[in-house]
2 protein chains.
Amino acid sequence: MPRAAAKDGTRRNAKWEARRAAIVDTSARLFAAQGYHATGLTELCDANDLGKGALYHYIGSKEELLAAIHDRVMDEVLQGADRVAEAGGTPPEQLAMLGAELLDVIHRYPDHVWVFLHEFPALTGERAAQFRTRRRAYEQRVEAVLRAGVEAGDFRDIDPWLTARAWLGMHNYTYLWLKPGQRLSARDVAQPFADIFLKGIEASPSRTR
Amino acid sequence: MPRAAAKDGTRRNAKWEARRAAIVDTSARLFAAQGYHATGLTELCDANDLGKGALYHYIGSKEELLAAIHDRVMDEVLQGADRVAEAGGTPPEQLAMLGAELLDVIHRYPDHVWVFLHEFPALTGERAAQFRTRRRAYEQRVEAVLRAGVEAGDFRDIDPWLTARAWLGMHNYTYLWLKPGQRLSARDVAQPFADIFLKGIEASPSRTR
DNA sequence: CCTACACTGGACTGATCGGTACAACCCGTG
DNA sequence: CACGGGTTGTACCGATCAGTCCAGTGTAGG
């Protein structure tokens, strides 16, 4: 735990922050490649070119490092959801935008997302609770869009909770193969996925409202 | 490594086999709850009510235990795919049946599936290679059905590879919440999922063939 | 009843785990 | 040049890791 969270970042503080961020990113790569528990402190030190003393000057504990990786992902995902909410539009448009934003995060942070989806049970206590809250908040955003679409007559009478799980699965599972520098970009995937899903739940044209 | 794989199972051998299967199942529960690397040998011994010597009389190594869990899942999943192929039917029917079979496995073996989806990178060497082959074989079954559906005019002109990933994600991701004794059964989920996906990729009625 | 062997518990091993203590270092400031 | 605090490497800690070894114990076959 840092001594005082107060005092805005001076120059030195900014440097420390940057180094810490670099450590978080490097460690995410290792955790993604071989797992959180399977990665030792010494490996983290090697990868970051640091001794144990120096490493612990930045991170406090191994689990805090894990939590930082989770936060990085959740920050991005929730920010994306906020942008979508601000943009407005019909429920189908909202859902398509949510998908594009989510796939963009998965594409830009493949290691962080991998860690996030695999190692979240390793978080304990306060950190685990906070993480669950944020994750749940995001899932409810998706559910809300689906519910709104049903009420507005854009979508047929589907179960918002169950359908949100289908949508989340379809998108989140791309973490296995959606990587930067690969054949497919995030946009290449977002469009076909939105097509499938929106056609899959659209109201039959006969009873449009 | 067992001395000789020959000689068909006598009574004793069957008993040994049953005990081993029980150990695999119990261990799957532990691995699912806290992770493969985070679960120690002593915990496995406690849960199975066995000493280390006795445990190692059945399993050979911790990784072999992990591999046995993977095999259990892959056996079931591939058998389900075989049943579907034997049953025949149109591509849409085939896809719906594949989904029902897959969700059934996930629902019946929640712990095994969790381990399978989280810890497969922990497999090494020969075991990892064999696992990847089998997993890939299943994925290609799904792709084949999609491709057949496009050629037959049942589905619109989608990318079979990408669409298979969407389908796999939607179904596999249910491992997070689809558990026996819960509100929803496998069938409760399979039907809505098939509805969404089939509507999502069906050929527009105007150009049916 | 005796022997043989599948089966079992638990002490033990060397390695490695996450984490700490501390002395030295760099480097900007006075 | 002296100083002082942010930074760093390293020796070290107790705990635990996966796995081995072996002296038994229960029991089935002769």
Side-chain angles (χ1 to χ4, degrees), chain A residues 1-5 7 9-24 26-27 30-31 34-69 115 119 122-125 127, chain B residues 1-24 26-27 30-31 34-69 115 119 122-125 127:
Chain A
M1 59 190 85
R3 310 95 199 320
K7 280 294 180 68
T10 64
R11 198 164 16 158
R12 178 183 62 70
N13 213 327
K15 191 171 169 183
W16 184 90
E17 213 71 57
R19 189 88 160 98
R20 188 188 136 98
I23 291 171
V24 169
T26 304
S27 305
L30 283 189
F31 287 160
Q34 40 183 331
Y36 171 69
H37 289 290
T39 305
L41 252 349
T42 53
E43 286 175 272
L44 292 175
C45 290
D46 288 351
N48 288 296
D49 220 14
L50 241 36
K52 284 194 181 184
L55 182 65
Y56 269 77
H57 196 72
Y58 294 100
I59 63 155
S61 79
K62 196 186 172 191
E63 194 187 319
E64 187 187 306
L65 195 50
L66 182 63
I69 296 170
V115 172
E119 312 287 3
L123 290 177
T124 62
R127 281 191 267 258
Chain B
M1 58 190 86
R3 308 100 202 316
K7 280 294 179 68
D8 55 316
T10 64
R11 200 165 12 160
R12 177 184 62 71
N13 213 326
K15 192 173 167 182
W16 184 90
E17 213 71 57
R19 189 87 159 102
R20 188 188 135 98
I23 291 171
V24 170
T26 304
S27 305
L30 282 189
F31 288 162
Q34 39 183 329
Y36 171 68
H37 288 290
T39 305
L41 252 351
T42 53
E43 286 175 272
L44 292 174
C45 290
D46 288 352
N48 287 296
D49 220 15
L50 243 36
K52 285 194 179 185
L55 182 66
Y56 269 77
H57 198 257
Y58 293 100
I59 62 155
S61 78
K62 197 186 171 191
E63 193 186 320
E64 187 187 306
L65 195 50
L66 182 63
I69 296 170
V115 172
E119 312 285 3
L123 291 176
T124 62
R127 280 191 268 259

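Order of the sequence lines fixes the chain letters, A, B, ..., with proteins taken first and strands second; residue numbering starts at 1 for each chain. Both backbone and side-chain heavy atoms feed into the values below; hydrogens, waters and symmetry mates do not.
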Let me confirm one number: the NE2-CD distance from B:His37 to A:Glu119, rounded to the nearest 0.5 Å. 8.5 Å
In whole angstrom, give the distance that lies between atom CD of B:Glu17 and atom C1' of C:dA6. 15 Å
Distance (rounded to the nearest 0.5 Å) between B:His57 NE2 and B:Trp16 CH2: 8.5 Å
Among D:dT7, D:dT20, C:dT20, find the nucleotide with the atom closest to the side chain of B:Tyr56. D:dT20
Rounded to whole angstrom units, what separation is found between the NZ atom of B:Lys15 and the C1' atom of D:dT27? 9 Å
What one should report as the nearest heavy-atom pair of B:Val24 and B:Ala68 is CG2-CB, 3.9 Å
Mind listing the residues from residues 36-52 of chain B sitting with a heavy atom below 4.0 Å of DNA chain C? Number order is fine. B:Leu50, B:Gly51, B:Lys52
What distance separates A:Phe31 CZ from A:Leu44 CG, expressed to the nearest 0.5 Å? 5.0 Å
How many whole angstroms separate atom CD1 of A:Ile59 from atom P of D:dT8? 13 Å
Can you name the closest pair of heavy atoms from A:Ala38 and A:Glu43 and give their distance? O-OE1, 3.6 Å
For nucleotides 24-27 of chain C, list the nitrogen or oxygen atoms of the protein found under 3.5 Å from its nitrogen or oxygen atoms, one pair per line.
none

Has A:Tyr58 got a side-chain N or O lying under 4.0 Å from the OP1 or OP2 atom of D:dT8? yes
Would you give the length of the straight line joining atom OG1 of A:Thr26 to atom CG of A:Asn48, rounded to the nearest 0.5 angstrom? 4.5 Å
Could you tell me how far apart A:Lys62 (NZ) and C:dT20 (P) are, to the nearest whole angstrom? 14 Å
From CG (B:Leu65) to CZ (B:Arg20), nearest 0.5 Å: 7.5 Å
Looking only at heavy atoms, what is the nearest atom pair of A:Cys45 and A:Leu55, with distance? SG-CD2, 3.8 Å
Is there a donor-acceptor pair under 3.5 Å between the side chain of B:Glu63 and the backbone N or O of B:Thr124? yes
Would you say A:His57 reaches D:dT8's phosphate, i.e. side-chain N/O to OP1/OP2 under 4.0 Å? no
Taking CD from A:Glu64 and C1' from C:dG19, how many angstroms apart are they, rounded to a whole number? 14 Å
